[in-house]
Amino acid sequence: MTDLTEDTRLPEPDHSPPPPVWSGWDLIWIATGILVSLLAGTLLIGVVFRITGHLSLQSPGTATSVSVASAALEGVAFIGSVYLLGLRRRHLPWLAVGVRRPEKNWLQYALWIGLLVIPVSGFIASLIQIILGLPQTNPQLPFLAPEGFNWFGARGLCLFRGIIAPLAGWLVLRGVLYQWLRGRFGIWPGILISSLIFGLAHGDIAVGGAAAILGIVLAWAFEKSQSIWPPVLIHLINNSVKIILLYGMLAAGVNLQG
């Protein structure tokens, strides 16, 4: 006898990742936009400093201003290139780069993961320095605090390096690059390659090694949550807390030069 009872159960929600939307040409467009923007912005910063009379980094306040301006320029170049040469050129919504609301629990997870990776990444960087016989100093100090403590540097770098940079960087590295890699090589090759690029972008082997490990955590969080906000929050907490601690120690008179 045939069961004619209607099945009124709701279908299971689809948590599978969206199909890839980015092509190799999109990466070329966005990368070119970033490079051109950074070059043009650097020239503009030089012109502005020349006009205002800051011709030497030895002038008081100049080095800090250059660091803040460079951090702001990176944010504009990354976000602007993704929007203009990626989303707008392709007529795509922000959803294409993972800008979607995550499940509530994922923001809580991101908060705790962000606090956890601070000591872990610091330990990894120190371990690399010990193994390679490098000085036990912060190689990012000349950029993050080139003139020691001052309020302009603390506020500017906390804003642009602590808050804007995680969003800008992860729009490019996770929203575009990782999704392109994942669509062609699979999840874990995409995670590892994008994390390696993230580490290399830091320029220093100790900081880059720690950043590569952090990148794996961030890519995993993006993959699991299918939203850019959890990895951005983790990265934001990591950057902001470290900058606040750095300037707090400088304000207290701690010698960080080694």
Pairwise side-chain contact, Asn238 with Ile234, heavy-atom cut-off 4.5 Å (strictly under): no
Polar side-chain atom of Asp26 near backbone of Gly86 as donor-acceptor pair, under 3.5 Å: no
Side chain Ser121, main chain Ile118, donor-acceptor under 3.5 Å: yes
Trp94 atom CH2: more than 12 heavy-atom contacts under 6.0 Å: yes
Positive for side chain to side chain contact (heavy atoms under 4.5 Å, CB included) with Thr32, one of Leu35, Val36, Ile34: Val36
Backbone N/O of Gln226 and side chain of Arg100: donor-acceptor pair under 3.5 Å: yes
Given Ile228, Val217, Ile191, the one that forms side chain to side chain contact (heavy atoms under 4.5 Å, CB included) with Phe222: Ile228
Polar side-chain atom of Tyr247 near backbone of Leu144 as donor-acceptor pair, under 3.5 Å: yes
Any donor-acceptor N/O pair, Gln179 side chain to Ala96 backbone, under 3.5 Å: yes
Residues, nucleotides or ligands: over 12 heavy atoms within 6.0 Å of Lys224 NZ: no
Note, Leu173 side chain near Ser194 side chain (heavy atom, < 4.5 Å): no
Output field: ring centroids Trp22/Tyr178 closer than 6.0 Å: no
With Trp220, the ring-ring contact (aromatic ring centres under 6.0 Å, His included) member among Trp188, Tyr109, Trp106: Trp106
